[in-house]
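Here is the naming used below: chain letters follow the sequence lines, and residue numbers restart at 1 for every chain. Here the structure is a predicted model, which is why all the values come from computation and not from measurement.
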There are 2 protein chains.
Amino acid sequence: MMKKVIQKKITMMKKVMSKSNLKLIAVLERTGGFASAQELHQILRREGDGIGLTTVYRALQSLVDDKIVDLLRREDGEAIYRLCGETHHHHLVCKSCGDTVEIEGGAIEKWAKTMAEEFGYRDVGHTAEIFGLCSKC
Amino acid sequence: MMKKVIQKKITMMKKVMSKSNLKLIAVLERTGGFASAQELHQILRREGDGIGLTTVYRALQSLVDDKIVDLLRREDGEAIYRLCGETHHHHLVCKSCGDTVEIEGGAIEKWAKTMAEEFGYRDVGHTAEIFGLCSKC
DNA sequence: GCATAAATGGAAATGATTTTCATTTTCATC
DNA sequence: GATGAAAATGAAAATCATTTCCATTTATGC
């Protein structure tokens, strides 16, 4: 089932999504966590969808542009994608099993803002992730 | 001139560095900020050094392993390297000119620790960088 | 129906990074 | 100084994610 947020965004933008975009959203929703373009492509293929890798990349790109999915990087530099939640948040990721917890980063927002001001930087964004071993691993 | 920190580390480890490692440290020191392996290779070549790209990658890898250089990622996923400072710190990076400021992240350390505890994660590390436009850009 | 634009996918191109492997250098020991 | 093992080096090939090209298919307005 489609998240309300996403639904709202789709409506707001009055932009019809291509089939591929919708498929990608569906998979990302089903899987929950982060996944790379290659992985998403494999999942779809495994399910019998003949979608092309090119299309997967294109769809993900457009979803990122529309702020519908988050893009971040694995340690090896590979891009990984995830549906955006309602609010800006950060992640606590298990480096063994990949399990992810969404966490609040109020302290980070403040820190980023303060630092940017102090050094005269404008238009700032930030990344902050925590990696460790979850209780199961 | 070689930073004291680095000198100390080299001594502490009682490990002789290969020429390439030293060359890379020297360039990183001279350039100051972050640079990719490809860029570092070009710089060395431009200066008449016939060092091979493979060696550059190997040297950087070993310096990262020894905690002498930091490795992080540009937005496109390319790896960029920089000499580690004395203490654990974070960066404020200009997304236009690449200018970098080292900043303290006391708030971040605390945040990471709290979150890890709350969700039962052990052995955690974290990344936190701020990207924006510096005053010149 | 028809024309035009958008979407799609396969293959080739790109670009960073890693691997392979043969050669060279270093260095301790004779 | 000669020698042999281990470490360092680099060119070329292999890998792998990502992008580009381009021809084909599909959706849409008229």
Strictly under 6.0 Å, is that where the ring centroids of Trp111(B) and His126(B) end up? no

Show your reasoning for whether side-chain contact (heavy atoms from CB on, under 4.5 Å) applies to Arg58(B) and Ser20(B). CA-CA 9 Å; Arg58(B) 250 190 308 241; Ser20(B) 333; over 6 Å; no

Co-membership, hydrophobic cluster, residues Ile80(A) and Leu71(A), 4.5 Å side-chain: no

To the nearest Å, give me how far apart CG (Leu22(B)) and C1' (dA7(D)) are. 15 Å

Where the side chain of Asp66(A) meets the backbone of Ile68(A), is there a donor-acceptor pair that is under 3.5 Å apart? no

Within less than 4.0 Å of OP1 or OP2 of dT17(C), is there a side-chain N or O belonging to Tyr57(B)? yes

Among dT9(D), dT17(C), dA7(C), which nucleotide sits nearest the side chain of Ser20(A)? dA7(C)

Answer with base, sugar-phosphate or nothing: what part of the nucleic acid does Gly50(B) contact at a heavy-atom distance below 4.0 Å? sugar-phosphate

In whole angstroms, the gap separating P of dT17(C) from CG of Leu40(B) amounts to 11 Å

Which of the following nucleotides, dA8(D), dT18(D), dT17(C), is nearest to the side chain of Ala79(A)? dT18(D)

Just the rounded figure in Å: distance from C1' of dT18(D) to CD of Gln61(A). 10 Å

Nearest-Å distance for atom pair CG/P, residues Leu24(B) and dG10(D): 11 Å

Would you mind telling me which of dT18(D), dT8(C), dG9(C) lies closest to the side-chain atoms of Ile51(A)? dG9(C)

Taking CG from Leu53(B) and C1' from dA14(D), how many angstroms apart are they, rounded to a whole number? 14 Å

Please state how far atom CD in Glu39(B) lies from atom P in dG15(C), giving the value in whole angstrom units. 14 Å

Output the rounded distance in Å from CD (Gln42(A)) to P (dT18(D)). 13 Å

Shortest side-chain distance from Gln38(A), nucleotide among dA8(D), dT26(C), dT18(D): dT18(D)

Identify which nucleotide among dT8(C), dT18(D), dT9(D) has an atom closest to any side-chain atom of Ser18(A), counting heavy atoms from C-beta outward. dT8(C)

Answer with yes or no whether the hydrophobic clustering places Leu53(A) together with Leu28(A); edges join I, L, V, M, F, W, Y residues whose side-chain heavy atoms lie under 4.5 Å apart. no

With a cut-off of less than 4.0 Å, is there a side-chain N or O of Lys19(B) near OP1 or OP2 of dT25(C)? no

In Å, rounded to the nearest 0.5 Å, how long is the span from CD of Glu29(B) to CG of Leu83(B)? 5.5 Å

Can you build the contact string for nucleotides 20-25 of chain D? Use B for base contact, S for sugar-phosphate-only contact, and - for no protein heavy atom under 4.0 Å. B-----

Out of dT18(C), dG10(D), dA17(D), minimum distance to the side chain of Thr55(B) belongs to dG10(D)

Do the charged groups of Glu47(B) and Lys23(B) touch, with an N to O distance under 4.0 Å? no

Using atom CG of Asp76(B) as one end and atom C1' of dA16(C) as the other, report the distance to the nearest whole Å. 9 Å

